[in-house]
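Structure record follows, encoded as structure tokens.
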Protein chains: 2
Amino acid sequence: MATIKEIAELAHVSIGTVDRVLHNRGRVSSDTKRKVEKIIKELDYKPNLLARQLKLSRDYTFGVLMPELHQDSKYWERPALGIYKAKRELESQKINIKFFHFNRYSEASFIEKSNRLLNDHLDGLLITPILIKPARELIHKIPEDIPYVFFDSDIPDSNRLTFIGQDPYRSGMLAAKLMRLMTMTDGSIAIIRILPEDYHIDQRIEGFLHYYRENDGKKNIQIYEWKEQRDLSSLDIISQKILDEQSDLQGIFVTNALTYLIASFLEKHHTERHIRIIGYDLIDKNVDYLRSGMIDFLINQFSIDQGYQGIYSLFKHLALKQKVDDTIMMPINIVMNENIDYYYYSTDDLGR
Amino acid sequence: MATIKEIAELAHVSIGTVDRVLHNRGRVSSDTKRKVEKIIKELDYKPNLLARQLKLSRDYTFGVLMPELHQDSKYWERPALGIYKAKRELESQKINIKFFHFNRYSEASFIEKSNRLLNDHLDGLLITPILIKPARELIHKIPEDIPYVFFDSDIPDSNRLTFIGQDPYRSGMLAAKLMRLMTMTDGSIAIIRILPEDYHIDQRIEGFLHYYRENDGKKNIQIYEWKEQRDLSSLDIISQKILDEQSDLQGIFVTNALTYLIASFLEKHHTERHIRIIGYDLIDKNVDYLRSGMIDFLINQFSIDQGYQGIYSLFKHLALKQKVDDTIMMPINIVMNENIDYYYYSTDDLGR
DNA sequence: ATTTATGGCGTTAACGTTACCGCATCGATC
DNA sequence: GATCGATGCGGTAACGTTAACGCCATAAAT
């Protein structure tokens, strides 16, 4: 690889001049500029990123605004794991991370934490804008020169550096396809819709229904709503209601990480028929039921990777000054008993 | 992060001494050694990898011994793509790569190319040992100080740095599970066994049969053999034979990347029943038939990533002097129409 | 005619690590 | 007591990049 020094020698100038040309810092005559640029092209010069980073390395502090880790059955531990992983990997580059955890069912909490975030003079932000209204207000208050990344949810018409997530509509279609394969005979399907309203969950349901509309329009599909934040045990009531109402129930589509609760209920109150379960996310309890066969499929969001990519995008933009893709879509991953080992890592080593 | 300089100051020694302690290069009194080591621990010193690499960077040339790219329906283009990707990413580190392509159906070709590989004084080797016998002979001739990595296939009792691949037995089980889901009613299943004998293909079949034995022992499953290298069109004869012999055929499991040939045949000679197809690998033609619905599932081997990880492992070991895992297992990935977009990248940009 | 900008360039000190060079000191050897 | 080797250590150049600094011209302003 060509270096700045070689370019300087060939152009009969000093490395300072080459640097000025490379970075358009002026103070170079147009003649020498042209000469240097020609040689840069001829040698196909690419800066040595190691040297650049070594030289430029300075402390960066990133702020992470995300739900409390224990919420959604500890779902949020997984992106946090990825964030720590990125931090460890970038250790040499002096990356600091500050967490701001909000209660995902309280706008007040989101607002309070986002104000703290704003007052902390951070170099980059990683945000989960699941509470859309206060999140919209937040982005207006973020100084223009501070890059921010969304993960899990998106606000497309914002100035975000990038969004990292999964297409929930597509994943719903995929769930429907798998469900249909497992339940080709007559019978009904139940969908558990978790409240309060959530873009992701709604899109998953839309996708699911879309697939059935296109491929099996006559199928009896019932949606049951459940207010999660009240009390986990209240799901048992809904489950019982489903069993009572749908005597020919074949499968249940659970639209978030609480899938294991349904599995647990069915295990206890097991019925004649084998009721199929498809759900989301590789949290510990879901994985247990997948292994035991109570849950048939889980859709993996690559939550760990989402956190990792979030921090890495900020780093790439700020420290490496490299281009970051506008959107980073995570693959929709089908996990079952036979391939779970290759996807699941316990969150035990979260703290480092 | 602590630096060598800081340690030196705190220990009242020079950075040279700290370096000697860190690398056990002797010429340090046991007193100062202890003193320095204490401070190293206290500060939890971790070397700055950027600086290390920058300093140590030297040219590495890796040799890749793999089948000709066009073989197996251009399957081998995909790992090659990953190899180029790694090369591009490690550009700053002066990595050169030399390819040695052999005819995967000729031992003579393998032997000839591996001799060339050995005579080329390379710093590390990336090898596909699909021809086991000559590969075993090759590893005896590799100088002890030259690390080599296997990908795609493995020879476990060798001195390889690592192996990168997928568990074929498991993937066969997974294929069987999906096949069973799609064909719950009475009927038979055909397996296409591609010859000459191949460890991967045999394991896939074993896994497939194992799953059915455990879950549906009475299922009628027939294995049809086909000598691939002769002539692609001869597969039509086999296909016709399957249709003739299995009047109640429900599905076909194709054990390698040639899945599209079966799909193409069934498209032309389409039958009353919908015959399900499960196969391997995201090569272009397979993806087309997956999109059109002729192929139901493809199992993805992450072939691109295999190439990438292969080069990266060599680099990690030689340049970064970091530990490399003994085995790198690729996840077994289920790809269908609904999620193909997140896995498939065309090989068009192969050459750079 | 002298000062004051400003353009055009070279020089240099870092970033953190590595490894070579060389200067002392000291005991052993002839 | 001069020579030698070994031991213990400090100093320093280099990896490639960046950006501040400073010097010399020439042009503009007083």
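Computed from a predicted model, the values in this text were never measured in an experiment. Lettering follows sequence order; numbering is per chain, from 1.
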Next item on the list: Give the angle between the helix axes at the two ends of the helix from C:dA1-D:dT30 to C:dC30-D:dG1, taking five base pairs at each end and rounding to 10°.
Entry: 70°
Margin query: Quick one about B:D284 and B:Y344 (side-chain donor to acceptor, distance below 3.5 Å, no hydrogens or angles considered), yes or no?
Written below: yes
Note to self: Between A:Y312 and A:D305, do the side chains contain a donor N or O and an acceptor N or O under 3.5 Å apart?
What the structure shows: no
Check: When rounded to the nearest 0.5 angstrom, what distance separates OG1 in A:T162 from CG in A:D154?
Finding: 8.5 Å
Item checked: Interface limits on DNA chain D, where chain B has a heavy atom under 4.0 Å of a nucleotide atom -> D:dT7 to D:dG16
Taking atom [atom2] of [N] as reference, at what distance in whole Å does atom [atom1] of [X] sit?
| X | N | atom1 | atom2 | result |
| --- | --- | --- | --- | --- |
| B:L50 | C:dT18 | CG | C1' | 15 Å |
| A:L54 | C:dT18 | CG | P | 12 Å |
| A:R25 | C:dG7 | CZ | P | 15 Å |
| A:R27 | C:dT11 | CZ | P | 17 Å |
| A:K33 | C:dG8 | NZ | C1' | 14 Å |
| B:I40 | C:dT17 | CD1 | C1' | 13 Å |

Notebook entry, point to check: Looking only at atom types and distance, does a side-chain atom of B:T17 sit under 3.5 Å from a main-chain N or O of B:V13, one as donor and one as acceptor?
Noted result: no
Note to self: Would B:R58 and B:Y60 count as a cation-pi pair here, with the cationic atom under 6.0 angstrom from the ring centre and within 45° of the axis?
What the structure shows: yes
Check: For A:Y308, is the NZ or CZ atom of A:K85 found under 6.0 angstrom from the centre of its six-membered ring and inside 45 degrees of the ring axis?
Finding: yes
Item checked: Closest contact, heavy atoms only, A:A2 versus A:Y45 -> O-CD1, 3.5 Å
Checklist line | Minimal non-hydrogen separation, A:F163 against A:M329, with atom names | finding: CE2-SD, 4.3 Å
Notebook entry, point to check: Hey, is the side chain of B:R52 poking within less than 4.0 Å of OP1 or OP2 on C:dT18, counting only N and O atoms?
Noted result: yes
Notebook entry, point to check: Between A:S29 and C:dC9, does any side-chain N or O lie under 4.0 Å from OP1 or OP2?
Noted result: yes
Check: Parallel under 30°, tilted from 30 to 60°, perpendicular over 60°: which one fits the rings of B:F99 and B:Y84?
Finding: tilted
Margin query: A side-chain contact here means heavy atoms from C-beta on lying under 4.5 Å apart; do B:L125 and B:P147 qualify?
Written below: no
Notebook entry, point to check: Does B:L56 or B:V28 map to a spot on DNA chain D nearer the 5' end, using the closest nucleotide for each?
Noted result: B:V28
Notebook entry, point to check: What are the residues of residues 6-21 of chain B, sorted by number, that bring a heavy atom to within less than 4.0 Å of DNA chain C?
Noted result: B:I15, B:D19
Check: Going by an N to O cut-off under 4.0 Å, is there a salt bridge joining B:K41 and B:D44?
Finding: no
